[in-house]
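Basis for what follows: all heavy atoms, side chains included, without hydrogens, waters or symmetry-related copies. Every chain is numbered from 1 and lettered A, B, ... according to where its sequence line falls, protein lines coming before strand lines.
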Amino acid sequence: MNLSDVKSGQTAPAPQVGALATLLPRSAIILELKSRNKEGVIQELVQPLVSTGLVKDESGLIAAILSRENLESTGIGLGVAIPHARTDTVTTLSLAFGRSEAGVDFASLDGKPCHLVFLIAAPEGRKRDYISVLAKLSSLLRRETVRDRLARAQTPEEVSAVLEQFDAASGR
Amino acid sequence: MLFVEDTPASPYAADWAIKLSQRLSARVFALGVIPVRTTAVEENTWRRLYEVEDAAFEQNVRVSLLLETGDPLQRLCALSASYQIELLVVSADTRLRTAELIRHSPGPVVFVKPPQEESQS
């Protein structure tokens with residue numbers, strides 16, 4: 001926790017990160033995940049980031065994400081999980097998205113399976129941006145309209161469009 | 001249960017709770033409560049919760065994040081009871097009504113203030 005930010009009694013202003021949709025390559029949008037467990041889902045979501053050259057060490061990234069999963073649940077409830085890691089196995093802040101009709105157990109506190117999974121990977125030095133993206137996504141995904149639109153999207157382009165629309169609206 | 005707020009001492013309460021949990025191999029439930037849902041307030045609350053999560057992860061402490069809408073005092077006490085929380089950690093400059101918190105809390109409450117040199121500066 002960065003205590004230097006609060007010594008003056010003020011919290012540092014939120015950093016400006018790029019629009020969420022720009023962090024999510026179209027090839028990293030999987031409309032129907034094949035895996036039925038969280039380890040498989042994480043591997044499936046990391047794979048397209050490897051293919052696009054954003055990951056330097058695939059097994060290192062998977063291990064970093066799973067080590068967090070072993071310590072905490074990244075299922076935020078309402079059928080949503082956001083597995084994440086800060087690690088230098090990635091070259092830039094990146095997202096991947098997967099959808100599972102059957103649902104995947106991410107040990108969410110509400111006990112419900114997750115149908116929408118966003119994976120976030122960021123280099124060690126991008127802590128503030130990484131936390132901002134986590135916060136922005138968590139906030140957006142608590143909105144029923146956003147979850148419904150993501151659940152009904154027929155193409156990766158539609159998924160990107162949903163993020164663009166609601167991300168822009170939240171910034172107004 | 002750590003109550004996370006937008007107050008100067010709240011990060012110190014988080015540090016204290018994480019260190020205690022590390023010594024006791026306990027789990028931290030970090031709770032943020034927003035009275036009314038607005039995107040900016042909700043996003044800022046998530047940001048503070050994820051900062052706690054990141055710090056806990058670095059100390060190898062298990063953490064669960066909770067964001068609730070409603071009356072902060074009521075939600076804190078209700079969730080502490082439902083999760084059978086053993087200790088409530090709150091910053092000394094909390095905006096909660098402390099007398100009511102103590103009266104309604106299902107367990108002991110610790111109020112954490114910044115270290116002496118910080119509070120004097």
J.: Are B:Trp46 and A:Leu163 connected in a single hydrophobic cluster, I mean Ile/Leu/Val/Met/Phe/Trp/Tyr linked by side-chain heavy atoms less than 4.5 Å apart?
T.: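 Result: yes, single cluster for both.
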J.: To check you understand the geometry: which heavy-atom pair defines the closest contact between B:Glu53 and A:Arg68, and what is its length?
T.: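 Residues B:Glu53 and A:Arg68, closest heavy atoms: OE1-NH1, 3.2 Å.
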J.: Above 12 or not: heavy atoms from other molecules or residues under 6.0 Å from NZ of A:Lys56?
T.: yes
J.: Which answer fits A:Leu137, side chain, backbone, both or neither, if we ask what part of it has an atom under 4.5 Å from a heavy atom of chain B?
T.: neither
J.: Side-chain heavy atoms nearer than 4.5 Å, only ILVMFWY residues, links allowed to pass through others: does that put B:Leu24 and B:Leu2 together?
T.: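 Yes, because B:Leu24 and B:Leu2 connect within a single hydrophobic cluster, where side-chain heavy atoms sit under 4.5 Å apart.
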J.: Can you tell whether the side chains of A:Glu72 and B:Arg27 come within less than 4.0 Å, N to carboxylate O?
T.: no
J.: Between CG of A:Leu134 and CD of B:Glu43, what distance do you get to the nearest 0.5 Å?
T.: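 If we round to the nearest 0.5 Å, A:Leu134:CG and B:Glu43:CD are 11.0 Å apart.
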J.: Are B:Asn60 and A:Leu71 packed together at the side-chain level, in the sense that at least one heavy-atom pair is separated by less than 4.5 angstrom?
T.: yes
J.: Would you please test A:Ile76 and B:Leu65 for side chain to side chain contact (heavy atoms under 4.5 Å, CB included) and show each step?
T.: CA-CA 8 Å; A:Ile76 64 167; B:Leu65 307 183; over 6 Å; no
J.: Report yes if the side chains of B:Glu58 and A:Arg86 come closer than 4.5 Å at any heavy-atom pair, otherwise no.
T.: yes
J.: Which atoms form the tightest heavy-atom contact between B:Arg47 and A:Ser132, and what is the distance?
T.: NE-OG, 3.4 Å
J.: Test of understanding: clusters of I, L, V, M, F, W, Y form through side-chain heavy atoms closer than 4.5 Å, transitively. Do A:Val117 and A:Val146 belong to the same one?
T.: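 No.
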J.: Contact between B:Leu67 and A:Arg142 at the side-chain level, heavy atoms closer than 4.5 Å - yes or no?
T.: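 Answer yes - side chains close enough.
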J.: Same cluster or not: are A:Leu33 and A:Ile82 linked, directly or through other Ile, Leu, Val, Met, Phe, Trp or Tyr residues, by side-chain heavy atoms under 4.5 angstrom apart?
T.: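 In one cluster with A:Leu33: A:Ile82, no.
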J.: Are B:Leu88 and B:Trp16 joined in one hydrophobic group, where the rule is that I, L, V, M, F, W and Y side chains link up if heavy atoms are under 4.5 Å apart?
T.: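 Cluster IDs for B:Leu88 and B:Trp16 differ.
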J.: For A:Ser139 versus B:Arg37, what's the shortest heavy-atom pair and its separation?
T.: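 Scanning both residues completely, I find the closest heavy atoms to be O-NH2, 4.5 Å.
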J.: Looking at A:Glu58, I'd like to know if its CD atom is crowded, meaning that more than 12 non-hydrogen atoms belonging to other residues, nucleotides or ligands lie closer than 6.0 Å.
T.: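 Yes, CD of A:Glu58 has more than 12 neighbouring heavy atoms, counting only those of other groups under 6.0 Å.
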J.: How about B:Tyr50 and A:Ser138: does a side-chain donor come under 3.5 Å of a side-chain acceptor?
T.: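 Their side chains do contain a donor-acceptor pair, which is all the 3.5 Å distance test asks for.
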J.: Does A:Leu109 form a side chain to side chain contact (heavy atoms under 4.5 Å, CB included) with B:Leu66? I'd like the steps, not just the answer.
T.: CA-CA 9 Å; A:Leu109 281 176; B:Leu66 298 160; 3.2 Å; yes
J.: Is the CD atom of B:Gln84 crowded by more than 12 outside heavy atoms at less than 6.0 Å?
T.: no
